[in-house]
Student: 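Before anything else, here's the structure in question.
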Amino acid sequence: MLNHPILQQLQKCHSLNTLKQAHAQMVTTGLSLQTYYLSHFLNTSSKFDSAYALTIFNRIPTPTVFLYNTLISSLTRLGDQTHLAFSLYSRILTHETLQPNSFTFPSLFKACSSDPWLQHGPPLHTHVLKFLQPPYDHFVQASLLNFYAKYGKLCLSRYLFNQISKPDLATWNIMLAAYAQSASHISYSTSFEDADMSLEALYLFSDMLLSQIKPNEVTLVALITACSNLGALSQGAWAHGYVLRNNLKLNRFVGTALVDMYSKCGCLNLACQLFDQLSDRDTFCYNAMIGGFAAHGHGSQALELYRKMKVEGLVPDGATIVVTMFACSHGGLVEEGLEIFESTKGVHGMEPKLEHYGCLIDLLGRAGRLKEAEERLQNMPMKPNAILWRSLLGAARLHGNLEMGEAALKHLIELEPETSGNYVLLSNMYANSAKWNDVKRVRMLMKDRGVDKLPGFSLLEINGAMHEFLTGDRAHPFSKEIYLKIGEINRRLQEYGHKPRTSEVLFDVEEEDKEDFLSYHSERLAIAFALIASPSSFPIRMIKNLRVCGDCHTITKLISLAYRRDIIVRDRNRFHHFKDGSCSCLGFW
DNA sequence: GTAGGGTTAG
């Protein structure tokens with residue numbers, strides 16, 4: 001198509017004005033084919049000007065659906081002109097003689113896949129049913145799948161996917177990415193459902209191989225993302241090997257996903273090595289690597305990389321600021337963190353967003369500067385959300401300021417009456433101060449409101465198989481051996497002078513019960529199983545969906561000493577590397 | 001004779 005003589009002639013036009021003149025001439029002489037070519041050229045060239053394209057379009061007396069589709073797709077590609085695309089679409093509908101066709105819908109569904117256009121998707125789906133005849137076109141089906149995944153209806157996506165007899169590569173990729181991403185909206189907040197979604201992505205990948213569709217880079221990015229969510233190192237490393245064995249490109253997408261995967265699987269060294277190998281690094285790559293340093297508690301290395309990216313001419317974005325400040329607050333680098341926050345406005349010309357205020361509150365609060373944290377929170381330009389109040393609450397709890405904690409919690413429960421973690425935090429604060437009546441009061445409040453405590457669970461990978469453990473779980477096939485092992489661990493740790501910190505247990509129960517309850521926290525079960533089932537020279541790697549409790553943290557340090565095992569735990573906030581009786585977090589967690 | 005769907009960081 002690009003070889004058409006008229007287009008070649010047009011490509012010699014170097015200014016928008018000459019293009020416009022040429023186009024005007026064509027329109028007036030009624031050359032409709034040429035009109036198309038020009039529209040297409042305008043659309044695909046860097047000189048695309050949506051206002052001008054629309055002006056021309058409006059002068060065409062009888063535009064065909066084909067011409068509508070061309071323009072709609074160009075407008076949706078721009079990202080910020082979606083409203084114009086939809087108004088063109090509604091013009092098709094008002095035409096008596098025109099109907100949308102299979103080419104009209106894919107770009108519109110793509111436009112509906114992100115805010116604020118999500119609401120337009122379902123009505124558009126009814127139009128598909130109205131205007132198109134089954135069997136539906138592959139592209140239409142794929143864009144529908146993708147839309148429903150982004151709309152939060154993953155089940156519906158899967159249902160539609162199952163009805164496609166031979167999905168093509170892009171369709172598989174959409175489904176895989178949908179599962180991998182549904183779990184990674186908030187990093188590290190792995191829940192049972194999220195883990196299931198990521199596991200489903202792994203299963204789907206093997207189905208894909210069985211169906212003889214050859215994966216490409218996009219497929220691998222989704223697969224690697226799923227491994228990151230699961231902390232599944234051997235699957236992730238296998239995926240890396242797959243990229244190399246099959247001569248897939250280690251492009252920015254694949255590279256960033258791998259850096260993130262190695263980092264989230266606890267292998268910061270491998271993440272660094274890979275990062276150094278990447279040839280064209282953009283802000284995304286840097287963000288992943290800085291985020292890796294941050295989560296592993298290497299604050300100064302994170303800062304160093306942050307400075308390096310600016311030297312290399314890359315512009316930090318909102319996410320860069322988040323991860324770098326996170327590194328500062330988890331590494332005790334308060335002044336550096338404050339400086340970065342202030343620089344978002346001054347140096348980088350960004351208006352700090354809600355999440356940046358979140359980092360700020362966390363930074364100050366964690367460092368014990370509670371009053372300042374509270375002041376910043378009260379004086380910020382937007383309304384603080386639950387995450388910010390929780391941050392303040394966490395800080396108040398860490399530094400034993402019960403009064404501030406109670407105040408923060410009041411706001412928090414107002415914003416999130418259904419979230420059990422809020423009640424648990426308050427209750428733990430009361431328990432720490434032995435205020436058992438207050439603990440009981442919170443417990444009643446939870447019961448009245450029908451809020452259940454979120455079950456803690458841990459994920460562990462041994463020899464490529466994933467094992468899940470819930471608190472007090474007895475469902476594992478080796479459950480008996482695990483509980484025997486816990487008995488042994490407890491006896492061994494007592495030799496090291498360990499006395500359990502019973503205040504972490506929520507309720508006012510007898511001391512001995514509390515000890516039992518702690519012994520069966522999911523991480524304890526996972527560690528016991530790993531000690532039984534994995535070679536003693538291997539580090540133990542696991543993921544916890546909540547934050548590690550104080551007692552488990554102490555115990556895990558001791559186990560790393562008593563059993564001479566490195567234990568690497570990813571909790572919902574960060575990594576803990578336990579080695580020889582100490583932890584890399586140095587208490588910042 | 002022409003147009004359409006999938007990927008990375010917090």
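First the proteins, then the strands, lettered A, B, ... as listed; each starts at 1.
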Student: Hey, does Asp137(A) reach any base, or is it just sugar-phosphate, or nothing, if we go heavy atoms under 4.0 Å?
Tutor: base
Student: Quiz question: by atom type and distance under 3.5 Å, do the side chains of Ser143(A) and Asn146(A) form a donor-acceptor pair?
Tutor: no
Student: Expressed in angstrom and rounded to an integer, what is the separation of Ile174(A) atom CD1 from dG4(B) atom C1'?
Tutor: 11 Å
Student: Checking contacts here: which listed nucleotide (dG4(B), dA3(B), dG10(B)) is nearest the side-chain heavy atoms of Ser102(A)?
Tutor: dG4(B)
Student: Once you apply a heavy-atom cut-off of 4.0 Å, does Thr283(A) come out as touching a base, just sugar-phosphate, or nothing?
Tutor: nothing
Student: Hey, is the side chain of Arg77(A) poking within less than 4.0 Å of OP1 or OP2 on dG4(B), counting only N and O atoms?
Tutor: yes
Student: Just verifying a value: how many Å separate Met325(A) CE and Ile361(A) CD1, rounded to the nearest 0.5 Å?
Tutor: 9.0 Å
Student: When we call it a touch if two heavy atoms are under 4.0 Å apart, what does Asn69(A) touch: a base, just sugar-phosphate, or nothing?
Tutor: base
Student: Select one nucleotide: of dG5(B), dG10(B), dT8(B), the one nearest the side-chain heavy atoms of Thr171(A).
Tutor: dG5(B)
Student: OP1 or OP2 of dT8(B) versus the side-chain N and O atoms of Lys249(A): is any pair under 4.0 Å?
Tutor: no
Student: Quick one: label Leu169(A) by what it contacts on the DNA or RNA (base, sugar-phosphate, nothing), any heavy atom closer than 4.0 Å.
Tutor: base
Student: According to the 5.5 Å centroid and 30° plane-angle thresholds, does Phe103(A) stack upon the nucleobase of dA3(B)?
Tutor: yes
Student: Output the rounded distance in Å from CG (Asp282(A)) to P (dT7(B)).
Tutor: 16 Å
Student: Rounding to an integer number of Å, can you tell me how far Tyr89(A) OH sits from dG4(B) P?
Tutor: 18 Å
Student: As a test of reading the structure: which of dA9(B), dA3(B), dT7(B) is closest to the side chain of Gln181(A), going by heavy atoms?
Tutor: dT7(B)
Student: Tell me whether the side-chain N/O atoms of Lys264(A) come closer than 4.0 Å to OP1 or OP2 in dG10(B).
Tutor: yes
Student: Can you check the Phe147(A) CZ to dG4(B) C1' distance for me, whole Å?
Tutor: 17 Å
Student: Would Gln273(A) and Tyr262(A) count as having a side-chain donor-acceptor pair, cut-off 3.5 Å?
Tutor: no
Student: Nearest to the side chain of Val218(A), which nucleotide is it out of dT7(B), dT8(B), dG4(B)?
Tutor: dT7(B)
Student: Nearest whole Å is fine: how far is dA3(B) P from Leu108(A) CG?
Tutor: 17 Å
Student: Answer with yes or no whether the side chains of Asp317(A) and Asn287(A) bring together a donor and an acceptor at under 3.5 Å.
Tutor: yes
Student: Kindly point out which of dA3(B), dG10(B), dA9(B) is positioned nearest to the side chain of Ser73(A)?
Tutor: dA3(B)
Student: Just how far, in rounded Å, is C1' of dG10(B) from CG of Asn287(A)?
Tutor: 8 Å
Student: Reckon Thr219(A) touches a base, only the sugar-phosphate, or nothing at all at heavy-atom distances under 4.0 Å?
Tutor: nothing
Student: Over how many whole Å does the gap from Phe66(A) atom CZ to dT2(B) atom C1' extend?
Tutor: 3 Å
Student: Whole angstroms only, please: what is the CG-C1' distance between Leu124(A) and dG4(B)?
Tutor: 13 Å
Student: Counting heavy atoms from C-beta on, name the nucleotide in dG5(B), dA9(B), dT7(B) closest to the side chain of Phe253(A).
Tutor: dT7(B)
Student: Where the side chain of Val322(A) is defined as all heavy atoms beyond and including C-beta, which of dT8(B), dG4(B), dG10(B) is the nearest nucleotide?
Tutor: dG10(B)
Student: Do any side-chain nitrogens or oxygens of Ser143(A) fall under 4.0 Å of OP1 or OP2 in dG4(B)?
Tutor: no
Student: Determine whether Asn58(A) and Arg91(A) satisfy the following criterion, side-chain contact (heavy atoms from CB on, under 4.5 Å), listing intermediate values before the conclusion.
Tutor: CA-CA 11 Å; Asn58(A) 289 332; Arg91(A) 275 165 68 182; 2.9 Å; yes
Student: For the atom pair CE (Met309(A)) and CZ (Arg281(A)), what is the distance rounded to the nearest 0.5 Å?
Tutor: 10.5 Å
Student: Using the side-chain heavy atoms of Ala170(A), tell me which of these nucleotides is nearest: dA9(B), dG5(B), dA3(B).
Tutor: dG5(B)
